[in-house]
Amino acid sequence: MTRSDWHSSDIWLRREFTCASLPQGELALRIHHDEDVEVFLNGVEIARAPRWTSGYVELPLTGEAAKALRAGKNLLALHCHQNSGGQYVDAGLVEGGAFQK
């Protein structure tokens, strides 16, 4: 979900993607949001974050959240709610790396 722009207090986005095989390493959600965000993978809530970020952060997925990813088709969905100020949301899944806590 890349550089989604909107002009209301809420946006709901979803993107289907195919995963040829399950990753062997740890998974994280790489996200930049303004403001409150909820993220779902195949109908399972994998992250919820208040307020905003000033840049991209990587949130490690819990074991339960990572189990939502499957080989084949997947659906990443999110809801972002704007309270005031700027508006921005961008998110995706990444494997490995030095995750920010």
Side-chain angles (χ1 to χ4, degrees):
M1 299 180 184
T2 305
R3 298 182 186 258
S4 301
D5 186 29
W6 77 99
H7 301 283
S8 63
S9 60
D10 292 279
I11 188 169
W12 293 265
L13 301 168
R14 64 185 201 170
R15 181 167 189 182
E16 189 174 275
F17 65 96
T18 301
C19 197
S21 62
L22 293 177
Q24 299 302 307
E26 292 183 30
L27 289 175
L29 176 69
R30 181 171 163 79
I31 190 164
H32 181 186
H33 64 94
D34 185 2
E35 281 179 59
D36 305 338
V37 68
E38 306 161 306
V39 183
F40 301 85
L41 177 59
N42 296 322
V44 175
E45 186 175 304
I46 61 169
R48 180 180 292 252
R51 302 179 11 171
W52 64 90
T53 59
S54 57
Y56 284 90
V57 296
E58 291 181 358
L59 307 174
L61 298 189
T62 65
E64 280 302 307
K67 287 180 186 177
L69 183 65
R70 54 184 173 239
K73 289 186 180 181
N74 291 274
L75 183 67
L76 186 65
L78 64 79
H79 168 238
C80 193
H81 177 74
Q82 177 62 30
N83 294 308
S84 65
Q87 290 175 285
Y88 190 87
V89 65
D90 186 21
L93 296 176
V94 295
E95 179 184 9
F99 303 138
Q100 296 177 9
K101 303 279 184 195

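Computed over heavy atoms, backbone and side chain alike; hydrogens, waters and symmetry mates excluded.
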**OP:** Not counting sequence neighbours, which residues clear side chain to side chain donor-acceptor pair (under 3.5 Å) with E64? List them please.
**Re:** K67
**OP:** Supply the atom-to-atom distance W52 CH2 to C80 SG, rounded to the nearest 0.5 angstrom.
**Re:** 12.5 Å
**OP:** Identify the heavy atoms of I31 and T53 that sit nearest to each other, and give their distance.
**Re:** O-OG1, 4.2 Å
**OP:** Could you pull out all residues at least two apart from R30 that satisfy side chain to side chain donor-acceptor pair (under 3.5 Å)?
**Re:** none
Subject >> Minimum heavy-atom distance between L76 and G92, given as atom pair plus value >> reply: CD2-CA, 4.2 Å
Subject >> Closest approach of A71 to A20 (non-hydrogen atoms, all atoms of both residues) >> reply: CB-O, 4.2 Å
Subject >> For the student: nearest non-hydrogen atoms of L27 and A66, plus distance >> reply: CD1-CB, 4.3 Å
Original post:
Which value, rounded to the nearest 0.5 Å, describes the distance between L29 atom CG and L59 atom CG?
Top reply: 5.5 Å
Original post:
Do you reckon L22 sits in the same ILVMFWY cluster as I46, going by side-chain contacts under 4.5 Å, direct or chained?
Top reply: yes
**OP:** Provide the closest heavy-atom pair for N42 versus K73 in the form atom of the first, atom of the second, distance.
**Re:** OD1-O, 4.5 Å
Original post:
If you round to the nearest 0.5 Å, how far is CG of L78 from CH2 of W12?
Top reply: 11.0 Å
Original post:
Can you tell me if Q87 uses its side chain to pair, donor with acceptor, with the backbone of S8 under 3.5 Å?
Top reply: yes
Subject >> Distance (rounded to the nearest 0.5 Å) between L69 CG and L61 CG >> reply: 8.5 Å
Original post:
What distance separates L13 CG from H79 NE2, expressed to the nearest 0.5 Å?
Top reply: 10.0 Å
**OP:** Indicate the ring-plane relationship of H32 and Y88, choosing parallel, tilted or perpendicular according to the 30° and 60° boundaries.
**Re:** tilted
**OP:** Check the hydrophobic clustering (I, L, V, M, F, W, Y; side-chain heavy atoms under 4.5 Å; chains of links allowed) and say if V89 and F17 are grouped together.
**Re:** yes
Original post:
So which pairs with a foot in residues 31-47 pass salt bridge (charged side-chain N to carboxylate O under 4.0 Å, His left out), sequence neighbours left out?
Top reply: E38-R48, E45-R48
Original post:
So, for N74 and C19, which heavy atoms are closest and what is the spacing to 0.1 Å?
Top reply: ND2-CB, 3.7 Å
Original post:
To the nearest 0.5 Å, what is the distance between CZ (R70) and OG (S21)?
Top reply: 15.5 Å
